[in-house]
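After the structure tokens below, expect a handful of questions from me.
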2 protein chains.
Amino acid sequence: MTDAHLGLAGQLARLPQRQVLSDDVYETVKGLIMDSVVEPGTRLNIDALTRELGISQTPIRESLARLESDGLVIKEPLRGYRVSSRLTREEFEDLFEYRLHIEPWAASRAAERSGSEDLARLKAEMLSYTDVPDRPSYESYRAMAAHDQRFHDLVLELAGNETARLSFQRTHCHLHLFRLYYGGGIATKALREHKVVVTAVRKGNPEEAAAAMRSHIEASRARLRPIFDTLSD
Amino acid sequence: MTDAHLGLAGQLARLPQRQVLSDDVYETVKGLIMDSVVEPGTRLNIDALTRELGISQTPIRESLARLESDGLVIKEPLRGYRVSSRLTREEFEDLFEYRLHIEPWAASRAAERSGSEDLARLKAEMLSYTDVPDRPSYESYRAMAAHDQRFHDLVLELAGNETARLSFQRTHCHLHLFRLYYGGGIATKALREHKVVVTAVRKGNPEEAAAAMRSHIEASRARLRPIFDTLSD
DNA sequence: CGGCTCCAGATCCTATAGGATATTGCGTAC
DNA sequence: GTACGCAATATCCTATAGGATCTGGAGCCG
């Protein structure tokens, strides 16, 4: 009867663990896609997922429905789900055009609005991922991508426009770029170059580090272009 | 085994109707929210929906999961789903700040890029809703809101950036604004402003198109604010 | 060789049962 | 009169089985 209180956001925030299986499945499958464990176009068999994850169909169906809404999978009626394709060249250009339109603006707004606490958070995030391990691994690159995502999201948050922030988040740009980078075994080469950069940085050699990073970015660009071209066929 | 073909976008476009019950439920519930049949904060009982719609839980759960991803409902673990709240004052301001950043830019891009076919579509959409009834009714306003949504979406489409378009769509701004108010009499002014935008786009004048869109959104915001304030009491 | 039918497999949808959790109401103690 | 604890109910979440429908390929016929 008297349940008209809408101040339940605070109560929800108080719950650390979600206790809902669907969310775990959602994150799991999202991780599988993000880590390129499943390639684009792969069919996601619901029955197989029930066996592999050891749970029933219901939470898996809910997760896949949400993932479809996110654009990460595609539902083909009466045929099942498939992992959606990676970025095409055109989508890549669109995505960066959009980012070039939103993020500089968000940064300027953040510069106008941020107080000392905000700046502290930004600094903390910047410092939160500085140690690149000697042996570059798959996990380390993923951590780097996660850090990058948190950083950009924080800028949007400090801009003070929640609508813009959500809108930007829903592009899943980091996730798509992450998938792109890890396609076709390119990750290993990228990680090797990362190691060169790290080595140069640890040696305290600015010129060498700059050169390594420059060559890494150029190589990365060179690696990405043919991927766009092959996917455009 | 050999199902690695990625050209499935064209195949999907060939299927007009999906034949999947979940989509019908999704549209149905979305319509219930959009028409304010269910008020914000209302609990969406799954068992009740199974009885009312005469179907089982599975498609309803998938629909609700997608609606949650859209931000239209909120899932409270072990308590159920609720219709999400209407816009707060702050969200209202954020939304229009975002629109003022995106849509004028989109209009200018549309003015630059649009060919004759695009311009024909724009004109057709503009002419598709011209008769504003003397006595504004719920139905007429709903038709106006649908037209307004198509118009703004079309501008985003003509801007040629699918990322920006999807990002804008996912704000569901028209849906939220529709829920915010259904008074009457405002349609005529909005249609006049749409016409100014179309004229500028057809002239291929980016600056003029952006300015027209900007003034339209600002005017729209000014029209909605007082209504919003009265509802916030 | 092309076109057709039939069958196996996969998927979607339904139905039902049981465990887990939150809400509600009542009774008791202070 | 108020606060606390406890049981009953309702709801959500999970699990499992089975029918209906569609896809894909093998095999047969013209």
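Sequence lines set the chain letters: A, B, ... in the order given, protein chains first and strands last, and positions in each chain run from 1. The analysis underlying the following values was restricted to heavy atoms, covering all of them including side chains, and did not include hydrogens, waters or symmetry mates.
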*Taking atom CD of E90(B) as the centre, does the number of heavy atoms from other residues, nucleotides or ligands within less than 6.0 Å exceed 12?*
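It does not: E90(B) CD has 12 such atoms or fewer within range.
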*State which residues pass ring-ring contact (aromatic ring centres under 6.0 Å, His included) with Y26(A); sequence neighbours excluded, sorted by chain then number.*
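For Y26(A) there are no ring-ring contact (aromatic ring centres under 6.0 Å, His included) partners, ignoring immediate neighbours.
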*Whole angstrom is fine here: how far is it from CD in E62(B) over to C1' in dC12(C)?*
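After rounding, the reported distance stands at 9 Å.
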_Whole-Å gap separating P (dT14(C)) and CZ (R51(B))_ =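 Taking atom P of dT14(C) as the reference, CZ of R51(B) is at 16 Å.
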Donor-acceptor contacts, no H, no angles, side chain residues 159-166 of chain A, under 3.5 Å, sequence neighbours left out:
from	atom 1	to	atom 2	distance (Å)
N161(A)	OD1	T163(A)	N	3.0
N161(A)	OD1	A164(A)	N	3.0
N161(A)	ND2	D94(B)	O	3.0
N161(A)	ND2	E97(B)	OE1	2.7
E162(A)	OE2	R165(A)	NH1	3.1
R165(A)	NE	D153(A)	OD1	3.2
R165(A)	NH2	D153(A)	OD2	3.0

Below 3.5 Å between N/O atoms, which protein atoms pair up with nucleotides 15-18 of chain D? Just atom names and distances, please.
from	atom 1	to	atom 2	distance (Å)
dA15(D)	OP2	S56(A)	N	2.5
dA15(D)	OP2	S56(A)	OG	3.0

*Between the two ends of the helix from dC1(C)-dG30(D) to dC30(C)-dG1(D), what is the bend in degrees, rounded to 10 degrees, where each end axis spans five pairs?*
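Terminal axis comparison yields 20°.
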*With sequence neighbours left out, what residues match R223(B) under salt bridge (charged side-chain N to carboxylate O under 4.0 Å, His left out)?*
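With sequence neighbours excluded, R223(B) shows a salt bridge (charged side-chain N to carboxylate O under 4.0 Å, His left out) to E193(B), given in chain and number order.
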*How close or far is atom P of dA22(C) from atom CZ of R82(B), stated in whole angstroms?*
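So the two atoms are 15 Å apart, to the nearest Å.
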*asked:* Checking H101(B) now: which residues fulfil side chain to side chain donor-acceptor pair (under 3.5 Å) with it, not counting sequence neighbours?
replied: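 Here no residue qualifies.
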Using a cutoff of under 3.5 Å, can you pull out all pairs of nitrogen or oxygen atoms linking the protein to nucleotides 7-11 of chain C, with atom names and distances?
from	atom 1	to	atom 2	distance (Å)
dT11(C)	OP1	N45(A)	ND2	2.9
dT11(C)	OP2	N45(A)	OD1	3.0
dT11(C)	OP2	N45(A)	ND2	2.6

_Residues which pass side-chain contact (heavy atoms from CB on, under 4.5 Å) with S56(A), listed by chain and number, not counting sequence neighbours_ =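 Per chain and number, S56(A) pairs via side-chain contact (heavy atoms from CB on, under 4.5 Å) with T58(A), P59(A).
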_I need the full list of salt bridge (Lys or Arg N to Asp or Glu O under 4.0 Å) pairs touching residues 50-61 of chain B, with sequence neighbours left out, sorted by first then second residue._
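Every pair satisfying salt bridge (Lys or Arg N to Asp or Glu O under 4.0 Å) with a residue in residues 50-61 of chain B: E62(A)-R61(B).
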*Pairs meeting criterion side chain to side chain donor-acceptor pair (under 3.5 Å) with involvement of residues 115-124 of chain B, two or more places apart*: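 As it turns out, the side chain to side chain donor-acceptor pair (under 3.5 Å) pairs with a partner in residues 115-124 of chain B, which skip direct neighbours, are R121(B)-E157(B).
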_If the condition is side chain to side chain donor-acceptor pair (under 3.5 Å), which residues does N45(A) pass it with, not counting sequence neighbours?_
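Counting only residues at least two positions away or on another chain, N45(A) forms no side chain to side chain donor-acceptor pair (under 3.5 Å).
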*Listed by chain and number, what are the side-chain contact (heavy atoms from CB on, under 4.5 Å) partners of L32(A), not counting sequence neighbours?*
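Scan of L32(A) (side-chain contact (heavy atoms from CB on, under 4.5 Å), adjacent residues dropped) gives V37(A), V38(A).
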